[in-house]
Amino acid sequence: MRQSGSNCPSQINIKRPLKEALLPPEGAPAPRTVADFRGVMFMDSSGINVLIVAHRAAEDAEGWLRLAGVQESVQRVLALVGIDALIPCHSTVEEALTS
């Protein structure tokens, strides 16, 4: 899943498409998702909430969620709220897929 832009509602409302892309379908076997965040420059609490819900859903289904290419501004937000300790962040999609 590749995302770009901002998840700030005043910029673009991506909460619904982000949630739909990251949440595993009901009954899906062990979802393994890498979200490509190279184009995401800003994240607010709605984006954080989507990541937490998606992470929990993946873990509940015995899968995982990983982030790739997280920009420094977004990485600071993830670190501030502790998401970086919950969801692995990698430099590239390839690194996220092979770790």
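Quantities reported herein were computed from a predicted structural model and do not represent experimental measurements.
- In terms of the salt bridge (Lys or Arg N to Asp or Glu O under 4.0 Å) criterion, Glu26 has no residue partners (sequence neighbours excluded).
- The two residues Ala58 and Leu65 make their nearest non-hydrogen contact at CB-N, 4.2 Å.
- The side-chain contact (heavy atoms from CB on, under 4.5 Å) test with Lys19 singles out one residue from Val50, Asn49, Leu51, and that residue is Val50.
- The side-chain hydrogen bond (donor to acceptor under 3.5 Å, both in side chains) test applied to Glu95 returns His90, not counting sequence neighbours.
- Atom OG of Ser46 sits about 12.5 Å away from atom CZ of Arg16, to the nearest 0.5 Å.
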Please tabulate, one pair per line, all N/O donor-acceptor pairs under 3.5 Å involving side-chain atoms of residues 66-86, not counting sequence neighbours.
residue: Arg66; atom: NH1; partner: Ala96; partner atom: O; Å: 2.6
residue: Arg66; atom: NH1; partner: Ser99; partner atom: O; Å: 3.1
residue: Arg66; atom: NH2; partner: Ser99; partner atom: O; Å: 3.3
residue: Gln71; atom: NE2; partner: Arg38; partner atom: O; Å: 2.7
residue: Glu72; atom: OE2; partner: Arg76; partner atom: NH1; Å: 3.2
residue: Ser73; atom: OG; partner: Met41; partner atom: O; Å: 2.7

